[in-house]
Amino acid sequence: NATGQLAGVRGTLRVTQPQLFVDLNRDKTKMMGVQVASVFDAMQAYLSSLYVNDFNKYGRIWRVQLQAEPEFRDNPTDIGRIFVRNDQGQMVPLSGVTDVSYRAGANAVSRFNGFPSIQISGAPAPGVSSGESLDLIKKLAAETLPQGYGFEWSGASYQEVKAGNQAPMVLAFGIVVVFLVLAAQYEKWSLPIAVLGALPIAVLGALVAVWMRGLAQDIYFQIGLLTLVGLSAKNAILIVEFCVSAHREGMGVVEAALEAARLRFRPIIMTSLAFILGVVPLAISTGAGSAARHSIGTGVIGGMIAATFLAIFFVPLFFVLIQKASEFVVRREETMLENLDKPKKK
């Protein structure tokens, strides 16, 4: 709590819990002919409860629990008034074989993975991400825990640490899926690169928007990035599709790119603005869970603004560069095949 980056940190262990300690003198108990188990059974029966048996009456089953009346077990001195029978059949008071005293001890000793443990719970301070909090706890544990002590995560923290490095894999998988779908649609491996060229621009816009608002790049922001993969590709597809269609009709590469950008400018602006305005409530929301909505909304808005007003100029350029490079490779391969087909001179 003193670091200022964590809030509400508390543990379950209290080492100053008042406890009544009953010390059994086993040597004295043996000398008096009293069984140790008889002492503990008597204390359980009178101070707590002891199950005896069941009996049937009035068509019901009743349990028999042995326990002393409350007025005979509300004071530590009442332990000495309990008697047990020794091997000779004599009654021996527990005051002769036990010493009762108050001590301070742990309220509960729990175990985790077989080790004695203390559960510590808390939350990140406002403006601090959960990942930064986990790193801070690792640092504090390395600096303060003595030799022989360690720590493990549990609950939501364990799940976050276990799945924390999967976000780049999920994002990469989304990009691969989009690439394969576009490759099947255009029947080319090169044109999807022009479409996905808008993705870095969208990611840059999302990062700038989150940075300007001072938000953390948490898991919700990463979900927004995965959403931007499809949203930024959608705008680029609208341009590249018309570029391919115009080029197949006989227009030059540059002319086709300019014509597609001119024709699709208004639809892209209209659909993108409609989506951005629809996400604005997430970015300005309040109440419970608003931090998660701020991360998603702000990242998506920033990415869509960049993908709309910047990618509209870069996507046609990407198409021109990739299409010319593809045509150059095709012409070179055709030239090589023609040279191979020509008969060699003797």
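Side-chain atoms are counted along with the backbone in the values below, which use heavy atoms only and exclude waters and symmetry mates.
Between the side chain of R213 and the main chain of H294, no donor-acceptor pair closer than 3.5 Å is present. A distance-only check finds no donor-acceptor pair linking the side chain of T12 to the backbone of I118 [under 3.5 Å]. At distances below 3.5 Å, not a single donor-acceptor pair connects side-chain atoms of K57 with backbone N or O atoms of W62. Looking only at distances, a side-chain donor or acceptor of T271 sits under 3.5 Å from a matching main-chain atom of I268. A donor-acceptor distance shorter than 3.5 angstrom exists from the side chain of R73 to the backbone of A68, with no hydrogens or angles considered.
Both L226 and L196 are part of a single hydrophobic cluster, where members link through side-chain heavy atoms under 4.5 Å apart. Under the 4.5 Å side-chain heavy-atom criterion for ILVMFWY residues, a single connected hydrophobic cluster contains both V300 and I269. Put simply, V9 and L140 are part of the same group of oily side chains (I, L, V, M, F, W, Y) that touch within less than 4.5 Å, one to the next. I237 is not connected to V181 by any chain of hydrophobic side-chain contacts under 4.5 Å among Ile, Leu, Val, Met, Phe, Trp and Tyr, and they are in different clusters. Linking Ile, Leu, Val, Met, Phe, Trp and Tyr residues whenever their side-chain heavy atoms come within less than 4.5 Å leaves M31 and F83 in two separate clusters.
You'll find the side chain of E255 stays beyond 4.5 Å of the side chain of E259, heavy atoms only. Side chains of D87 and Q35 form a contact here, defined as non-hydrogen atoms less than 4.5 Å apart. In this structure, the side chains of I301 and L282 stay at 4.5 Å or more apart for every pair of heavy atoms. Between Y102 and P76 the shortest side-chain heavy-atom distance falls below 4.5 Å. L317 is listed as a side-chain neighbour of L321, based on a closest heavy-atom distance under 4.5 Å. Within the 4.5 Å cutoff, the side chain of L94 has no heavy atoms near those of the V22 side chain. Side-chain atoms of S95 and R81, non-hydrogen and from C-beta on, never get closer than 4.5 Å to each other. Considering only heavy atoms from C-beta on, E152 stays 4.5 Å or farther from Y158 through its side chain.
Put simply, the residue from V279, L273, L228 that forms a side chain to side chain contact (heavy atoms under 4.5 Å, CB included) with M304 is L228.
One finds no salt bridge joining D27 and K30 here, because no Lys/Arg side-chain nitrogen approaches an Asp/Glu carboxylate oxygen to under 4.0 Å.
The OG1 atom of T98 sits 9.5 Å away from atom CG of N25, with the distance rounded to the nearest 0.5 Å. Atoms CG and OH, from L215 and Y220 in turn, are 13.5 Å apart once rounded to the nearest 0.5 Å.
Not counting sequence neighbours, D23 has no partner by the side-chain hydrogen bond (donor to acceptor under 3.5 Å, both in side chains) test. Remark: R14 pairs with no residue by the salt bridge (charged side-chain N to carboxylate O under 4.0 Å, His left out) rule, at least two apart or across chains.
Ring orientation note: the planes of W153 and F151 are nearly perpendicular, at an angle over 60° on the 30°/60° scale.
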Distance-only donor-acceptor hits, side chain of residues 42-53, under 3.5 Å, sequence neighbours excluded:
from: Q44; atom 1: NE2; to: S49; atom 2: O; distance (Å): 3.4
from: Y51; atom 1: OH; to: D54; atom 2: OD1; distance (Å): 3.2
from: Y51; atom 1: OH; to: D54; atom 2: OD2; distance (Å): 3.1

